[in-house]
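As the structure is a computational prediction, the values presented were derived from the model and not from experiment.
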Amino acid sequence: MSREKENSKRENLWTSSFLLLFGYSLFSNVGFFMTMPTLPRYAVGVGMSLSAAGFLTGIFSIVAIFVRPVAGILSDRGGRKVLLLLFTLLVSFAAFGYSLSHSFVGLFLCRILHGACFAMSSTIQLAMVTAIIPSAKMGEGMGYMSLAQILAMSFAPSLGLALAEAKGYTVMFCVSGFLIATAAVCVAFLPGREQPAADPGTRPKGTGEMPKRHSLRLGELFAIELLLLSAISGLFSVMNGVASSYLSMLGDERGIANISIFFTISSVAVLLIRPAAGKLQDKKGLSIVLIPSLILGAAAMFCIGASRGILTIIIAALLKGVAQSSGQAAIQADCARRSPMNRRGVAMSTCYLGSDVGNCVGASLGGWLSGIFGYGTMFGLIGLMVAAGLGMYGIQIGIDKKNKKGGN
């Protein structure tokens with residue numbers, strides 16, 4: 001094979017591995033999002049209180065926060081393909097388990113298993129994705145890959161509710177488990193073992209063997225240099241969680257009809273913008289995508305807070321869709337570029353950590369703020385939080401410049 005053909009193969013984004021991992025992401029996310037609106041209803045239906053059902057829902061993100069760093073280090077130390085297959089099958093088992101659980105204890109145990117194994121599998125899958133995407137196309141590749149999650153979010157919750165109403169919760173949970181098992185089949189067909197590549201400096205000179213691994217240190221669980229970017233990513237999750245939880249309540253309070261159109265328009269904007277944003281990042285860098293995303297995200301929250309009619313809500317949906325489509329995927333791609341191949345698992349787990357914390361605290365923070373100030377002011381304050389991400393990113397740019405100067 002000529003050098004030109006070898007280079008072309010290296011730079012090809014649409015490989016069989018990429019397509020299989022895209023299929024994995026689509027099937028696993030559809031199965032996951034089917035259970036999001038249905039599990040609390042099912043819990044109440046089997047006799048649990050609303051507060052217990054809420055706790056059952058929230059414990060998922062709490063478990064993910066603690067498990068995610070372990071997922072990163074396991075991904076970098078072991079065969080990613082085998083680990084992904086194992087934890088995906090356990091997620092499928094948890095989904096089937098919901099249908100057999102009719103008490104708080106049973107649902108709680110399934111939810112713990114679901115949260116822990118989903119945190120493991122999603123982290124490992126993202127590490128595998130960043131290992132197969134050419135560095136020059138990292139933004140574009142991550143943009144396309146994240147479309148699988150967006151597509152799932154756009155129809156899977158409605159599918160889950162429709163199945164539960166038409167066929168019952170047992171059938172719905174079984175379908176969810178089957179879809180996640182289908183994702184595991186995609187993993188089984190991945191070529192090779194997808195073992196993480198080691199940095200050249202980690203091998204002893206003159207040998208082909210890796211040195212013996214030392215015991216795990218706490219500092220190895222996190223990519224400290226990525227924590228600031230992870231925190232910025234968490235701001236997008238807070239914004240998303242608050243909008244999902246309290247937009248309809250603001251609509252009821254202000255008499256805005258058909259406010260749910262916000263989510264449809266926002267999803268369409270995400271689907272249209274995300275691939276183009278990834279390509280732009282590959283050409284121009286993170287700043288050209290992240291800075292406008294933070295500005296537009298803050299503007300979206302301000303628009304919602306000030307809205308008195310559907311037109312402002314539509315504008316806010318467009319702004320949020322563009323911001324959400326670009327910001328988090330751009331941060332994930334940049335975190336991958338900053339990390340050596342044998343640290344991609346830890347890098348992705350650290351990047352995910354901000355999103356996990358944002359998902360965990362977003363709805364609670366919104367509820368606390370709205371209880372004190374009202375929904376309009378609450379959305380405005382969330383907008384200020386997102387805008388503060390510009391200052392955080394300015395600090396990151398300063399750190400990068402300092403490190404670059406020190407490296408010269």
Side-chain angles (χ1 to χ4, degrees), residues 16-46 48 53 56-57 59-61 63-64 67 71 80-103 105-126 128-129 144-191 194 267:
S16 60
S17 293
F18 186 86
L19 291 171
L20 284 167
L21 286 172
F22 182 89
Y24 171 89
S25 183
L26 182 62
F27 284 117
S28 61
N29 276 293
V30 171
F32 170 70
F33 283 109
M34 282 176 65
T35 66
M36 290 294 285
T38 52
L39 184 61
R41 290 188 177 191
Y42 176 70
V44 172
V46 297
M48 291 174 57
L56 192 69
T57 301
I59 196 66
F60 187 97
S61 295
V63 170
V67 170
R80 288 173 179 161
K81 178 180 175 178
V82 174
L83 289 171
L84 183 58
L85 184 60
L86 170 63
F87 288 116
T88 303
L89 289 173
L90 288 173
V91 172
S92 177
F93 177 79
F96 283 114
Y98 288 137
S99 66
L100 303 175
S101 302
H102 305 286
S103 66
V105 173
L107 287 173
F108 178 77
L109 291 175
C110 286
R111 194 62 172 166
I112 292 289
L113 178 66
H114 194 177
C117 293
F118 187 83
M120 288 282 189
S121 61
S122 58
T123 302
I124 295 167
Q125 184 254 351
L126 196 57
M128 292 175 73
V129 167
Y144 280 118
M145 187 60 65
S146 60
L147 286 181
Q149 183 180 23
I150 300 302
L151 285 170
M153 290 174 64
S154 67
F155 72 87
S158 299
L159 175 62
L161 288 170
L163 268 176
E165 291 175 3
K167 300 295 182 179
Y169 287 100
T170 298
V171 172
M172 189 278 302
F173 286 127
C174 287
V175 170
S176 171
F178 175 78
L179 288 170
I180 297 167
T182 304
V185 174
C186 293
V187 178
F189 279 99
L190 282 169
E194 300 292 332
S267 296

Visitor: Quick one: pull up CD1 in Ile124 and SG in Cys117 and give me the separation to the nearest 0.5 Å.
Guide: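 That separation rounds to 9.5 Å.
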Visitor: Which side-chain N or O atoms in residues 181-189 pair as donor and acceptor under 3.5 Å with protein atoms at least two apart or in another chain?
Guide:
residue, atom, partner, partner atom, Å
Thr182, OG1, Phe178, O, 2.9

Visitor: Donor-acceptor pairs under 3.5 Å, side chain of residues 168-175 to any protein atom, not counting sequence neighbours: which ones?
Guide:
none

Visitor: Verify side chain to side chain contact (heavy atoms under 4.5 Å, CB included) between Met145 and Gln125, making sure each step is shown before the conclusion.
Guide: CA-CA 11 Å; Met145 187 60 65; Gln125 184 254 351; 3.9 Å; yes
Visitor: Is there side-chain contact between Leu85 and Lys81, with heavy atoms separated by less than 4.5 Å?
Guide: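 No, their side chains stay 4.5 Å or more apart.
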Visitor: So, the side chain of Ser92 versus the backbone of Ile180: is there a donor-acceptor pair under 3.5 Å, distance only?
Guide: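 No: the side chain of Ser92 does not pair with the backbone of Ile180.
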Visitor: Looking at the rings of Phe87 and Phe118, which for Trp means the six-membered one, are their centres under 6.0 Å apart?
Guide: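 No, the ring of Phe87 stays outside the 6.0 Å limit from the ring of Phe118, centre to centre.
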Visitor: Kindly check if the number of other-residue, nucleotide or ligand heavy atoms within 6.0 Å of CZ (Phe93) is above 12?
Guide: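 Incorrect, the count does not exceed 12.
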Visitor: How long is the span from the CG atom in Leu179 to the CG atom in Leu159, to the nearest 0.5 Å?
Guide: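 Reported to 0.5 Å precision, the distance equals 8.0 Å.
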Visitor: At what distance, to the nearest 0.5 angstrom, does OG of Ser176 lie from CG of Leu163?
Guide: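 Going from OG on Ser176 over to CG on Leu163, the span is 10.0 Å.
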Visitor: Between side-chain atoms of residues 20-42 and protein atoms elsewhere (two or more places apart, or another chain), which donor-acceptor pairs fall under 3.5 Å?
Guide:
residue, atom, partner, partner atom, Å
Tyr24, OH, Thr88, OG1, 2.7
Ser25, OG, Asn29, ND2, 3.1
Ser28, OG, Tyr24, O, 2.8
Ser28, OG, Ser25, O, 3.3
Asn29, ND2, Ser25, O, 2.8
Thr35, OG1, Phe32, O, 2.7
Thr38, OG1, Met34, O, 2.9
Thr38, OG1, Thr35, O, 3.3
Tyr42, OH, Tyr98, O, 3.4
Tyr42, OH, Ser101, O, 2.7
Tyr42, OH, His102, ND1, 3.3

Visitor: When you measure from the side chain of Arg111 to the backbone of Leu56, do you find a donor-acceptor pair of N or O atoms at a distance under 3.5 Å?
Guide: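 Pair found, side chain donor or acceptor close to backbone of Leu56.
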Visitor: Looking at every heavy atom in both Met128 and Leu190, which two are closest together, and how far apart are they?
Guide: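 For Met128 and Leu190, the tightest heavy-atom pair comes out as CE-CD1, 3.5 Å.
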